[in-house]
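Note on naming: letters A, B, ... go to the chains in the order of the sequence lines (proteins, then strands), and numbering restarts at 1 for each one.
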Amino acid sequence: MDTFIVGLIAATLRVATPLIYGTLGELYSERSGVLNLGIEGTMFFGAFVGFAAADATGSLWLGVLAALLGGMLAGLLMAFFSVRLGVNQHVSGLGITLLLTAVSLFFFRLIYGEPRIPPSIRSFDQLQPFGNLPIIGPITTQYALTYISFLIIPLAWWVLYRTNVGLNIRAVGENPEAADAAGVNVYRVRSYALMIGGGLMAVGGAFLSLAQLGAFTYGIIAGRGWVCIALIIFANWQPAKVLWGALLFGGVFALQLRLQSTGLNLPYETFLALPYVVTIIALAIAGRNATGPAAVLKAYKRE
Amino acid sequence: MNAIEMKSITKRFGPLVANDHIDFDLQKGEIHALLGENGAGKTTLMRILYGLYHADSGQILVDGSPVHITSPKDAIGWGIGMVSQHFTLVSPLTVAENVVLGYNKGYIYRPQEVIQNVTKAANQFGIDVEPSAIIRHLSVGERQRVEILKALYHNAKVLIMDEPTAVLVPQEVDILFQTLERLRKDGLSVIFISHKLYEVMTICDRITVLRDGKKIGTVLKNDTSERELARMMVGRETFGVYRQGEQKAGNPLLRIENITAVDKKGLTALKNVSLNVYEGEVLGIAGVSGNGQSELTQVLSGTLKPASGKIFIGDKEITNASPSEITRAGVGRIPEDRHAGVVGELTVAENLALESIEKFTRRSTLDKRLILKNAEQLISEYQIKARPTDPIRTLSGGNMQKVILARALSPEPRVVIASQPTRGLDVGATEYVRTKLLEQRNRGAAVLLLSEDLEEVMSLSDRIAVIYEGQIVGIVPGTEATEEQLGLMMTGARQEVKQHG
Amino acid sequence: PQQAAAPKTETGKVKVFGAFATPIEEPWDGVIHAALQKAQEEGKIEYEYTENIGYSGDMERILQETAEQKKPNVIFGDAFGNEEAVRRVAAQYPDIAFVFGSGLGPSEPNVSVFDNWIHEPAYLAGMLAGGLTKTNKVGIVGGYPVPEVNRLANAFIAGAKEVNPEVQVLVTFINSWFDPAAAKEAALAQIDNGADVLYAERFGVIEAAKEKNLWVFGNMSDQNELAPDLVVTSPVWNMTPTVEYVIKQVTAGSYTAQDLKDFSMVAKGGASLAPFHSTESKLPADLVAKVKEKEQAIKSGLFRVDIDERQPAAVN
Amino acid sequence: MVKFRIEKAPAPLWIKPLIPLIAIIVTFLVTSILVVMANANPLEAYYYFLLSPLSNRVSALETLVKATPLLLTGASVTIAFASGYWNIGAEGQLYAGAIAAAGLGMVLGNFPPILAIPIMLIGGFAAGMLWASIPALLKVKLAVDEVVTTLLLNSVILFIVSFLLNGPWRDPVSGWPQSPQIVDSAQLPRLISRSRLHLGFLVAIIMILIVWFILTRTSLGLKMRAVGHGQEAARFMGVNVGQTMLTAALISGGIAGLAGVTEVAGIHFHLIDAISPGFGYSGIIAATLGALNPLGVGLAAMFIGLIDTGAQTVSRSLGVPVYLGNVVQATLLLVTLGMFLLQNYRIRRD
Ligand SMILES: Nc1ncnc2c1ncn2[C@@H]1O[C@H](COP(=O)(O)OP(=O)(O)OP(=O)(O)O)[C@@H](O)[C@H]1O
Ligand SMILES: Nc1ncnc2c1ncn2[C@@H]1O[C@H](COP(=O)(O)OP(=O)(O)OP(=O)(O)O)[C@@H](O)[C@H]1O
Ligand SMILES: [Mg+2]
Ligand SMILES: [Mg+2]
């Protein structure tokens, strides 16, 4: 295999990593019945909190932990509005994206002033489990967080299908009235799901600031949260399929950059638009079968 | 000792007092009926007991000791289970998952183990369900059994059943009653809500009657009669409504020719259905729910396209016509689910106007005055308790049904399609609706009546067709039909097809 | 026609206002802001600014409000994406000097323009890159192929070719002004394609070089601290000469609309190559000498770097 | 322990008119913490936020300028949401309108303004409709969820804009990714001299009134509301649900497209990729804050315009990070929404 393919595969895995976290996070939110459009802001918040904490403590893993907690807090906030108060989910999600983005930037300014070059820290090193072996070596040279993201996919499946919390999440996402009547606390389960989801999203953001870049800047998420919203449909709300969606998007993204650098000049916009268009086409083909959890977008309120 | 005691329960919704200092007690091992007209407060009282509502004041005692029930979880903890009018099952999950939901111990969920446990419980309680089946694929009766099993699995000592028979056919009702009898022997106490007095008289030991949120009294079955119960419920004597006089031979106004239709899941729901409904007759369609009645109404209402076949109103073909074309052709429709026949957020006046909106539109602008005038007129004509500007969702079931009747019948349609017109209505409202339907017949309209209530079909229909698995298995004259014969046909025993008239 | 009046503030200092479309973390506006801050610290001006004005119509309002309420002597800012707004407001306030970064020319009576003209140090960086590459492949990752970026890239390419005619220069545009993760991926793609020296027109590229331990060039400001052992140097833009010149003119009452391009070039100290810091010892001495010589030639006007604003090919 | 619970019952009547006021006060209390952290005086900050934009003619009119696209996207979202069509795509439809305006604006040089401007408006409306028709048809014909398709198409059209601006439409004068300036005759005239208030504002007000009229006074509007509140019932009553929803979606797209026209032809005179800082999303906010009542939506749009205008003044005057404006806006949105819901509830002690 030549270096082009090897490099492409390695890059695909890297680009896919934040998307896997983000999409799994959104999956938990939606499976519990909440469309969380706060994802873009939550990822941004995670990138910031992770960076600031790592910078302050000198420990990257504390940074990841801080992002996780920050994301759970963001999920809790979403839960307060969309679940507790039952505010329209689009609006509360967009509001939370707006709020978290602004809050992150506000505190970034307070802490770091107006730096000429973005503040940076020494980022995570990549793991090299296979050293410099040909092909397999460069492909497996990845950040620990990338490895973890791949492990989280089966874990996410397991939690959803093999734990009682997961059973409750699936139930409240489909029929909250029924779950409530069965003695499941809908508000609490949804809040948990949103917190798990928020935590995952934020770690996805922290991957960018702590591993990929070792720095925090204002454009760091650049719409990746919205991509996750697309991927979740592509994945048909199944954890395993999240992987394929994220790899497809990551692959297309990495490919267009790589083709550019070989001098093959294609209109890059076509490439970048591809995952969105593919998702829409997939939706059109799947049609009514591709409907998500039945209770998504419906606030639950016990009369 | 009393399994449950509710003392002086009061619940207000805004200005409305839904439960007014109600005392209620349930003895161990009894089946206790809760009776009352629509809106009397039965469901409200039970939702309080099950923790879905909070009483404004009053006390609940379980086994003699006062308890606080603030959520279904608490109620389940006190051994109370509830099977509501509208099922509360998660349809993409399995039976077993639904049964254990909210009650599975520990953190880990082991599907195989859960299925085993539920199978064991189903056998123990003698309830016939398949634990690994997905709810979505079950019939109404099966779903209700899942609900019961769920309550029992949660160690219910008290089972609340809110209008459980409203959705069942006679055979299923029998099975339900047998199950309840057996469970009662094992010590279960049951609160049974129904509008059907004969059911109450069949299965219950004691009966509590509510009216307008107040308790009228509790009586022993053996000391009372259907007539007395009816009087307690509505405060006056009631009489059944029966068709009078024989059907005049007339022209077929509704002709259904070889209709075949496919339902939402892609299964064939109607197979070569052919029917004629004549001027001045009521043709009743009896059948176990889910045998194609819904699809037949939908096809006739224009909300489902048939795969083949033809439909005529008089000489006009309306196969594949839209709902508005069908109403314009002279069809009045009463939908099986009244909530699906009105838009809750819109006002009474708007709901009355929408179906024939052209009449109320001048150069695509609404004639608001005409819409209001129309509503006021129908409200007084049909004795609807509502104002034209009330959102229709605030109306009681009976009043909502009257609005639908007014809308369907006021244009004096040639054909009336009435589907479950009295489902869930109380005695008074039921009487009113049936009278109105017979008025249509007597005026010369062709009335197609679909009902799962055999008593209703038998007392109103000139002819009775029985539908089974999407096919008409027989038609019998109303004067000759017996409950046994119809019941047999409804379970598939085939009859010679006789066309009368 | 000379319009702008001499400053009349209480302190006698020139009153300057900064109006920036982006947050000032953005390197381009950051350079202007830094120079103005420096002037303020040195006591030469009074300075206030607004950032993140965006491109959706706020620039005009803010300039107008500022002109009405603050009555500054000079307004600095960037007009990219807001050209008409700036010029429209400027026309209404002929007494105020409008000094804006712009790809267009000055407008009478009071709009002066400047731009970053660091193609000269970019050429020098190109020479270094051409000399340092072992694989004979170097890479540039840029934002959008706009003239400002194209001329840097083209100068860099020319510089590299001068010392190493064999060299191949890869150019990737990420088509965003700010997506560091994408920039890093683009750089990694170039590295996989053989590039062993990179020019980081955008933020994110240095991170890739750091990961692969490769020589890299910063851009716009001295970015050595991002990777002290690897950032050879950076073509640096310095707005101080422009700011000082404008202040002098305004103070003297002789301000006119003009193209301030020269003040952003090497000869007047507006552009330079950042110090090598700790990397110098690791660079081939003859290469460094050659570059220093060329730098002198540029300063003294003996060598002119071509300004080529056409979009460079992906492989040169 | 004393436990509180929320119960459905209308809050006392006097609360209603106070809700916006309480929301503003709560927001300011919450965000004051941030202001204090940034070493500024909260009272001063809120003076700049709310009052300074209204303190002089220029900035008061600027508030209306800022409100113009929000009025349009708010109206757009309102008609869609009222019909049960969750159009999250006003942002993309705005760009479709902007593309049309930029394209037409390059070629309308021979037409007098009296023709050129209507052509621009119609063209932008049509382009918005066209872009909105993709998810709308998918919804109506194939039952594809519109929330996601409209959201995704917002990203797709940005790629189209980027393609145009980096390719065929790149401004030959500056070389920057922006379209050439539109001709003078296609530019929207100013309504008031020495201000930027342009014809687009009138268009926006008219669209708000039209949406109000459609929804409350026409049979189409009644059908839309019926579909919005109960599709099945509406279908039963003879409403053509697909057609009604499609109509709503297309009108919604068209109005959002007009917002693109007003920004290109009234403010920028170029197409740039940053022409909207999220007007489409703010439109959702305005529509929701206005409770889908067009007149309320109008007020909400103006209020958002006010805060937007004030935000920069705060940061400039007090040296608070400029992002405070966004924090306040987002907080206000969330608090107000919470308040709106709370007005249907009472808090009781158990
Ligand atoms: N959530 C609610 N909000 C307002 N009013 C309610 C609510 N629930 C019930 N009501 C009112 O309380 C009264 C009692 O209703 P309830 O549902 O208990 O009657 P019911 O006896 O069960 O009637 P039905 O026989 O129709 O089922 C009715 O007038 C009803 O309108
Ligand atoms: N949000 C509400 N506001 C006011 N009243 C309500 C509300 N929700 C329900 N109700 C009342 O609840 C009653 C409906 O209860 P229920 O569901 O038992 O009706 P029903 O007529 O028995 O219908 P069905 O049995 O067919 O479902 C109505 O009388 C209505 O007044
Ligand atoms: Mg009831
Ligand atoms: Mg009922």
Side-chain angles (χ1 to χ4, degrees), chain B residues 11-16 53-54 56 68 70-71 297-298 301-304 321-328 331 333-347 349-368 371 391-393 404 407-408 419, chain D residues 1-13 81-84 140-141 143 209-245 247 251 291-293 343-350:
Chain B
K11 174 71 183 173
R12 290 189 186 81
F13 293 112
L16 179 122
Y53 287 152
H54 300 269
D56 297 330
H68 264 285
T70 57
S71 72
T297 355
Q298 284 166 15
S301 300
T303 50
L304 179 70
S322 70
S324 51
E325 285 163 344
I326 290 176
T327 30
R328 257 179 279 139
V331 179
R333 302 158 309 145
I334 297 161
E336 62 181 329
D337 175 3
R338 58 181 149 277
H339 297 279
V342 296
V343 179
E345 297 297 316
L346 298 187
T347 64
E350 286 170 332
N351 272 291
L352 282 170
L354 189 52
E355 196 169 73
S356 39
I357 189 70
E358 308 81 30
K359 275 197 279 178
F360 301 97
T361 308
R362 303 277 165 273
R363 276 188 270 113
S364 46
T365 306
L366 291 176
D367 188 337
K368 289 222 154 186
I371 291 176
I392 202 162
R393 71 177 156 74
I404 291 173
R407 188 178 67 195
S419 195
Chain D
M1 198 177 76
V2 190
K3 270 182 116 177
F4 290 90
R5 62 192 157 80
I6 296 173
E7 179 172 283
K8 192 158 183 170
L13 259 185
F81 279 23
S83 313
V140 172
K141 302 287 175 208
L209 293 174
I210 289 181
V211 167
W212 171 82
F213 185 80
I214 291 180
L215 284 177
T216 61
R217 289 287 183 271
T218 68
S219 57
L220 175 64
L222 180 57
K223 289 180 194 166
M224 285 176 171
R225 285 184 290 132
V227 171
H229 289 299
Q231 273 187 43
E232 286 312 310
R235 180 171 293 123
F236 179 83
M237 284 191 266
V239 177
N240 187 332
V241 172
Q243 200 181 57
T244 306
M245 219 177 234
T247 311
I251 296 179
L292 298 188
N293 173 339
Q343 74 174 347
N344 296 323
Y345 295 90
R346 262 173 202 273
I347 296 173
R348 292 204 184 204
R349 277 167 67 159
D350 262 354

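Distance check: I214(D) CD1 to L209(D) CG gives 11.5 Å after rounding to the nearest 0.5 Å. Atom CZ of residue R225(D) and atom OG1 of residue T216(D) lie 7.0 Å apart, to the nearest 0.5 angstrom.
No donor-acceptor pair closer than 3.5 Å links the side chain of R333(B) to the backbone N or O of G341(B).
The pair R328(B)-E325(B) does not meet the salt-bridge criterion, since no charged nitrogen lies less than 4.0 angstrom from a carboxylate oxygen.
In this structure, the side chains of E232(D) and D337(B) stay at 4.5 Å or more apart for every pair of heavy atoms.
Only the side chain of S301(B) comes within less than 4.5 Å of a heavy atom of chain D; its backbone N, CA, C and O stay farther away. With a 4.5 angstrom heavy-atom cutoff, V239(D) touches chain B only via side-chain atoms. With a threshold of 4.5 angstrom between heavy atoms, R407(B) approaches chain D through side-chain atoms but not through N, CA, C or O. Residue N351(B) touches chain D through both its backbone and its side chain, counting heavy-atom pairs closer than 4.5 Å.
Heavy-atom pairs under 4.5 Å with chain D peak, among L354(B), I357(B), T361(B), at L354(B). The most heavy-atom pairs under 4.5 Å with chain B, out of G230(D), G228(D), A233(D), come from A233(D). Top candidate by heavy-atom pairs under 4.5 Å with chain D, chosen from Q298(B), H68(B), E355(B), is E355(B). For chain D, the option among S364(B), G344(B), S356(B) with the highest count of heavy-atom pairs below 4.5 Å is S364(B). Most heavy-atom pairs under 4.5 Å with chain D, from the set S322(B), G302(B), A340(B): that is A340(B). In terms of heavy-atom pairs under 4.5 angstrom with chain D, the leader among T365(B), D367(B), I326(B) is T365(B).
Pairing each heavy atom of L346(B) with each of H229(D), the nearest pair is CD2-CD2, 4.4 Å. For the residue pair K11(B) and H54(B), the shortest heavy atom distance occurs at NZ-O, 3.0 Å.
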